Protein chains: 2
Amino acid sequence: MTIHHQPGRERIDAVRGFNRFYTRQIGLLDEGLLKSAFSLTEARVLYELAHRDGLTATDLACDLGLDPGYLSRLLKKFEERGLVERVATQADARRSSIALTPAGRAAFAPLNQGSHDQVAALLDRLSAPEQDRLVKAMQTVQRLLGESAEPRVPYMLRSLQVGDIGWIIHRQGLLYAQEYGWDETYEALVAEILGAFVKSYDPKWERSWIAEREGEVVGSVFLVRQSDAVAKLRLLYVEPSARGLGIGRRLVEECIGFARAKGYKKLTLWTNDVLTSARRIYEAAGFKLANQERHHAFGKDLVGQNWNLEL
Amino acid sequence: MTIHHQPGRERIDAVRGFNRFYTRQIGLLDEGLLKSAFSLTEARVLYELAHRDGLTATDLACDLGLDPGYLSRLLKKFEERGLVERVATQADARRSSIALTPAGRAAFAPLNQGSHDQVAALLDRLSAPEQDRLVKAMQTVQRLLGESAEPRVPYMLRSLQVGDIGWIIHRQGLLYAQEYGWDETYEALVAEILGAFVKSYDPKWERSWIAEREGEVVGSVFLVRQSDAVAKLRLLYVEPSARGLGIGRRLVEECIGFARAKGYKKLTLWTNDVLTSARRIYEAAGFKLANQERHHAFGKDLVGQNWNLEL
DNA sequence: ACTGATACTTGACTAAGTCAACTAAATGGT
DNA sequence: ACCATTTAGTTGACTTAGTCAAGTATCAGT
């Protein structure tokens with residue numbers, strides 16, 4: 001199912017502007033290669049061969065968008081120069097799998113180094129955090145435009161590191177402001193909760209789980225001790241970009257498992273009724289609505305809810 | 001002064017991967033143009049002419065990275081076909097400024113529309129928030145790789161927005177961990193201070209300043225009320241990437257000015273002796289060291305200092 | 001065994017781009 | 001005012017990179 005959105009002029013223009021910009025950028029980078037004995041296309045072919053095994057001519061033509069005839073001649077020339085070897089695949093005699101010879105690797109090495117150095121020089125003009133942002137932005141573009149049927153790396157859970165709580169405060173603050181119009185007092189509440197969590201952290205009775213995917217925090221939850229018998233689940237959140245992967249449910253399950261293992265009798269949590277997807281997770285996990293009441297907070301009229309789970 | 005960072009293999013590889021990816025991406029988009037009467041380069045030239053006035057041949061050759069000879073012939077062909085007009089500039093008889101004729105605009109229109117539609121189709125495969133992220137990421141790449149070096153916009157000061165305090169907590173936590181090895185309890189302290197600041201914020205007596213450059217937070221400071229007579233300066237910080245621009249000094253000056261204007265008698269602050277560059281700013285602003293004492297915090301043995309400024 | 005597809009290969013092209021040599025005008029130093 | 005240099009653009013003589021269509025050998029399905 002595809003939803004239609006009418007992309008909007010500005011976005012289209014922005015993307016076209018970027019395409020023009022990057023066309024030029026790639027042109028600049030390719031000029032560097034021009035000095036070598038290989039053309040840009042030859043270099044691209046060598047790169048693919050150097051980094052992937054068992055490629056056939058069709059694979060190459062398809063991946064690089066080349067004309068099969070052109071590629072055929074190109075490979076022939078490489079073979080004559082002793083840079084590649086072709087062996088017919090046993091499964092299909094029409095195809096042959098192409099590999100660089102040691103001589104081919106030797107010819108590719110300076111090319112590769114040149115490209116490497118050029119990019120290194122480009123990056124070197126930026127500060128470390130800028131480099132980081134650049135790489136992240138490029139990965140975002142690539143992920144979004146790449147074969148949308150991505151083999152989406154799943155996520156992993158880890159414990160709290162320095163920088164996490166600030167990040168989580170930042171993201172939750174922005175997210176709830178965007179999605180529900182909450183004001184800065186929500187962000188402040190998150191800051192107070194997490195500041196206190198770390199300050200009075202008791203590893204024996206408390207824990208946090210951070211969901212990370214491709215190096216980015218995409219969700220988190222905290223479990224704090226209220227009394228010997230009662231644990232409280234706090235600040236569950238999942239990034240919009242990572243929703244639908246079961247991360248929310250998993251985080252809640254981890255909490256429940258931990259609470260059971262520690263011998264708590266009850267797990268409780270406080271939420272607001274507008275947070276429907278979170279509520280669905282709590283219901284599915286067996287939480288029961290204990291009570292609710294109207295209140296005014298975060299610049300909105302809300303309905304606060306307490307949910308409990310007997311362990 | 002440029003600091004060298006040793007870009008790091010992964011970043012370089014990521015950028016090179018993106019270059020290969022986008023080379024292919026542009027190749028795909030250009031195939032669409034191939035059906036038209038114009039080559040890719042011709043289309044690029046037409047685009048520039050359609051969107052900018054008073055271009056000369058040299059401008060075009062330079063901006064698009066074209067060979068002057070090639071461009072000359074190309075423009076001649078356009079002129080013969082009645083698509084462009086050239087008029088010698090009055091300042092310099094060698095140059096002529098090139099413009100599309102109405103016929104040229106008419107020829108460009110379908111080309112432009114085709115490219116527009118193609119990008120629209122590309123975007124349409126994404127949801128609205130994904131489109132947004134794509135555009136943002138592209139703009140980030142463009143901003144960082146574009147003529148970033150020189151015209152560095154200075155910074156501007158603004159007041160607190162949603163997301164700021166989380167971001168500041170995040171950055172301060174990471175920064176002091178990297179630079180001084182402080183542990184997560186420092187980040188937690190910042191979280192508590194800022195949570196409380198927002199919660200009990202009194203706009204009449206308190207204020208915050210956020211330094212922003214190119215859309216990024218690069219520093220901040222907070223002024224809180226301690227009593228009718230005493231204001232406290234808290235959490236001054238400047239991003240390493242933005243140091244040396246006088247942002248720290250400026251932030252402190254803003255605090256002092258505000259405190260004076262509000263009629264405070266004294267401005268105080270607490271810091272640690274390891275933070276030497278901050279101390280230099282305080283000294284230069286007229287603060288005097290009131291007292292100091294050893295303490296153990298943030299996983300380190302430190303010397304805490306109180307500084308005062310009579311207003 | 002036959003049909004239609006796939007995986008290349010080859011021949012015949014042409015568009016696209018490069019390079020160096022050239023003219024004409026401007027700029028700068030004395 | 002003059003001459004050496006530089007800059008803007010042009011032209012001729014090339015190469016090369018890429019395209020297109022027609023071919024062969026092999027495979028997969030019936």
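Computation of the quantities below employed the complete heavy-atom set of this structure, encompassing side-chain atoms and omitting hydrogens, waters and symmetry-equivalent molecules. In what follows, chains carry the letters A, B, and so on, assigned in the order in which the sequence lines appear, proteins first and then strands, with residues in each chain numbered from 1. The structure displayed is predicted, hence computed values, not measured ones.
No side-chain donor-acceptor contact under 3.5 Å links N112(B) and S115(B).
The structure places OG1 of T58(A) at 7.0 Å from CZ of R95(A), a figure rounded to the nearest 0.5 Å. To the nearest 0.5 Å, the span separating CD1 on I98(A) from CG on L83(A) amounts to 13.0 Å.
Taking only side-chain nitrogens and oxygens, K76(B) comes nearer than 4.0 Å to OP1 or OP2 of dT11(D). Close to dA7(C), at under 4.0 Å from its OP1 or OP2, lies no side-chain N or O of R86(A). For S72(A) and dT10(C), the shortest distance from a side-chain N or O to OP1 or OP2 is not below 4.0 Å. In terms of phosphate contacts, T56(B) brings no side-chain nitrogen or oxygen within less than 4.0 Å of OP1 or OP2 of dA8(D).
At whole-Å resolution of the value, CG in D59(A) and P in dT6(C) are 15 Å apart. Between L71(A) atom CG and dT6(C) atom P the separation is 18 Å, expressed in whole Å.
Checked against a 6.0 Å centroid threshold, the rings of F38(B) and Y47(B) do not count as neighbours.
When heavy atoms are screened at a 4.0 angstrom cut-off, S39(A) is found touching the sugar-phosphate backbone but no base atom.
In this structure, the side chains of V15(A) and V135(B) come closer than 4.5 Å at one or more pairs of heavy atoms.
Interface remark: the R73(A) side chain does form a donor-acceptor pair with the dG11(C) base, using a distance-only criterion of under 3.5 Å.
Note on the helix from dA1(C)-dT30(D) to dT30(C)-dA1(D): angle between the axes of the first and last five pairs equals 40°, rounded to 10 degrees.
Few gaps surround CD on E42(A); more than 12 heavy atoms of other groups in view lie less than 6.0 Å from it.
The nearest heavy atom of DNA chain C to E42(B) and to G69(A) marks one nucleotide each, and the one closer to the 5' end goes with G69(A).
Of the residues in residues 89-99 of chain A, those placing a heavy atom less than 4.0 Å from an atom of DNA chain C are R94(A), R95(A), S96(A), in numerical order.
Considering every non-hydrogen atom in both R105(A) and A50(A), the closest pair reads NH1-O, 3.7 Å.
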Exercise. Please test D63(B) against R24(A) for salt bridge (charged side-chain N to carboxylate O under 4.0 Å, His left out), starting from the C-alpha separation and ending with a verdict.
Key: CA-CA 8 Å; D63(B) 288 358; R24(A) 179 89 183 96; over 6 Å; no
